[in-house]
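A short write-up of the structure that comes next.
Numbering of residues begins at 1 and proceeds along the displayed sequence. In this text, all values refer to a predicted model and were calculated from it rather than measured experimentally.
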Amino acid sequence: MARRLRAVELDFVESAPLRLVFTGEIAAPPKVVYAALADDVAGWSSWFTGVVWATSTHDGREREVRLTGGTRFAETVLAAEPDAHYAYRVDTTNAPGLRALLEDWRLTPAGGGTRLRWTFAADGPAPFRWVMALARPGLGRAFRESTRELDRRLARQ
């Protein structure tokens, strides 16, 4: 059963009780990387580890995502700044423990490519935060694998 989470705004990325930040580089320029993040939401399932289905709704203002294992998210896009910033919060989910979740993607030029920073900002009860802190290495590995796959995918285009 889906539960409604607390509606957080962009400043939550700095104040969240749990903040996991990961960075990586992609050879493609920010414009191309941003398009893969924001314009090709359905394409996430081909490069982001764990995403089995994703779609953009309401003219790109919202997203629906399904993960391996059946976790579902309904999200609202909070930032869509071409070539620079893409962020969304989870409004409803069937994932246990979450009270609030915002994911923030920052893109900066790095030579001819893009430096990508993903911040996973969340709130939940202490046991949830403890488990997520333990899961940090796995999330980092998933981010690195996903970044490499996105890099390969964009190079083929």
Side-chain angles (χ1 to χ4, degrees), residues 1-26 30 33-34 36-58 60-81 84-108 110 114-153:
M1 176 66 71
R3 296 176 300 100
R4 180 156 292 284
L5 303 185
R6 188 170 82 243
V8 295
E9 297 300 327
L10 287 173
D11 61 345
F12 185 68
V13 78
E14 299 300 331
S15 64
L18 174 72
R19 293 179 65 247
L20 305 176
V21 181
F22 307 97
T23 60
E25 293 201 9
I26 293 180
V33 176
Y34 179 85
L37 291 174
D39 300 334
D40 184 19
V41 173
W44 281 56
S45 62
S46 68
W47 63 268
F48 197 90
T49 302
V51 173
V52 296
W53 179 85
T55 190
S56 179
T57 62
H58 297 92
R61 293 185 316 271
E62 297 179 6
R63 301 163 26 119
E64 292 180 18
V65 177
R66 292 190 186 135
L67 303 180
T68 305
T71 301
R72 296 183 314 271
F73 299 111
E75 304 167 338
T76 295
V77 175
L78 299 177
E81 300 171 33
H85 185 202
Y86 186 62
Y88 44 88
R89 73 162 174 248
V90 174
D91 295 317
T92 61
T93 185
N94 63 343
L98 274 172
R99 290 183 186 146
L101 174 60
L102 183 136
E103 295 184 45
D104 186 271
W105 296 82
R106 300 285 178 151
L107 296 78
T108 54
T114 304
R115 183 163 183 78
L116 190 59
R117 184 183 76 197
W118 174 46
T119 303
F120 181 94
D123 187 17
F128 167 81
R129 294 192 312 269
W130 182 76
V131 167
M132 291 306 299
L134 291 177
R136 185 185 204 311
L139 281 172
R141 186 172 41 259
F143 173 79
R144 287 187 304 277
E145 291 170 3
S146 298
T147 301
R148 281 193 300 268
E149 185 54 38
L150 179 58
D151 195 28
R152 285 190 291 268
R153 183 173 196 250

>> Restricting to non-hydrogen atoms, name the atom on R153 and the atom on S46 that form the minimum distance, rounded to 0.1 Å.
In response: NE-OG, 2.9 Å
>> Rounded at 0.5 Å granularity, tell me how far CZ in F48 sits from CH2 in W118.
In response: 4.0 Å
> Which atom names give the shortest non-hydrogen contact between A100 and F12, and what distance separates them?
Replying inline: CB-CZ, 3.9 Å
>> One pair to check against side chain to side chain contact (heavy atoms under 4.5 Å, CB included): V51 and L67. What are the steps and the verdict?
In response: CA-CA 4 Å; V51 173; L67 303 180; 3.8 Å; yes
> Hey, is the main chain of F143 close enough, under 3.5 Å, to the side chain of T147 for a donor-acceptor pair?
Replying inline: yes
>> Tell me the closest heavy-atom pair linking T49 and S146, and the distance in Å.
In response: N-OG, 2.8 Å
> So among Y86, F120, W44, Y34, which one has a ring pair (Phe, Tyr, Trp, His ring centres under 6.0 Å) with W105?
Replying inline: W44
>> Would you compute the distance between atom CZ of R99 and atom CG of L18 and round it to the nearest 0.5 angstrom?
In response: 12.5 Å
> Y88 and side-chain hydrogen bond (donor to acceptor under 3.5 Å, both in side chains): which partner among E103, R61, E75?
Replying inline: E103
> Any idea which heavy atoms bring A122 and L101 closest together, and the distance?
Replying inline: CB-CD1, 4.0 Å
> Are the side chain of S45 and the backbone N or O of W53 linked by a donor-acceptor pair below 3.5 Å?
Replying inline: no
> Hey, mind stepping through L5 and T92 against side chain to side chain contact (heavy atoms under 4.5 Å, CB included) and telling me if it holds?
Replying inline: CA-CA 6 Å; L5 303 185; T92 61; over 6 Å; no
> What's the spacing between W47 CH2 and E149 CD if we round to 0.5 Å?
Replying inline: 10.0 Å
> Run the side chain to side chain contact (heavy atoms under 4.5 Å, CB included) check on T23 and R115 step by step: do they pass?
Replying inline: CA-CA 7 Å; T23 60; R115 183 163 183 78; 3.4 Å; yes
> Which pair of non-hydrogen atoms, one from L134 and one from P137, has the smallest distance, and what is that distance?
Replying inline: O-CD, 3.2 Å
> Say you draw a straight line from CD1 of I26 to CG of L116; how long is it, rounded to the nearest 0.5 Å?
Replying inline: 5.0 Å
>> Tell me which one of L78, D104, L37 satisfies side chain to side chain contact (heavy atoms under 4.5 Å, CB included) with H85.
In response: D104
> About how many Å separate CZ of R141 and CZ of R136, when rounded to the nearest 0.5 Å?
Replying inline: 12.5 Å
> If you count the non-hydrogen atoms of other residues, nucleotides and ligands that lie under 6.0 Å from CH2 in W130, is the total more than 12?
Replying inline: no
> Can you tell me if R3 uses its side chain to pair, donor with acceptor, with the backbone of L98 under 3.5 Å?
Replying inline: yes
> Okay, side chain of T55, backbone of E64: is any donor-acceptor separation there less than 3.5 Å?
Replying inline: no
>> Quick check: closest heavy atoms across A121 and V13, and the distance to 0.1 Å?
In response: CB-CA, 3.9 Å
> Would M132 and L139 count as a side chain to side chain contact (heavy atoms under 4.5 Å, CB included) if you check the C-alpha gap in whole Å, the side-chain angles of each, and the deciding distance to 0.1 Å?
Replying inline: CA-CA 9 Å; M132 291 306 299; L139 281 172; 3.7 Å; yes
> Nearest 0.5 Å, what's the CG-CZ distance between D91 and R6?
Replying inline: 12.5 Å
>> Using only atom types and a distance under 3.5 Å, with no angle test, would you say the side chain of N94 pairs donor to acceptor with the backbone of R72?
In response: yes
>> When you measure from the side chain of R129 to the backbone of G124, do you find a donor-acceptor pair of N or O atoms at a distance under 3.5 Å?
In response: yes
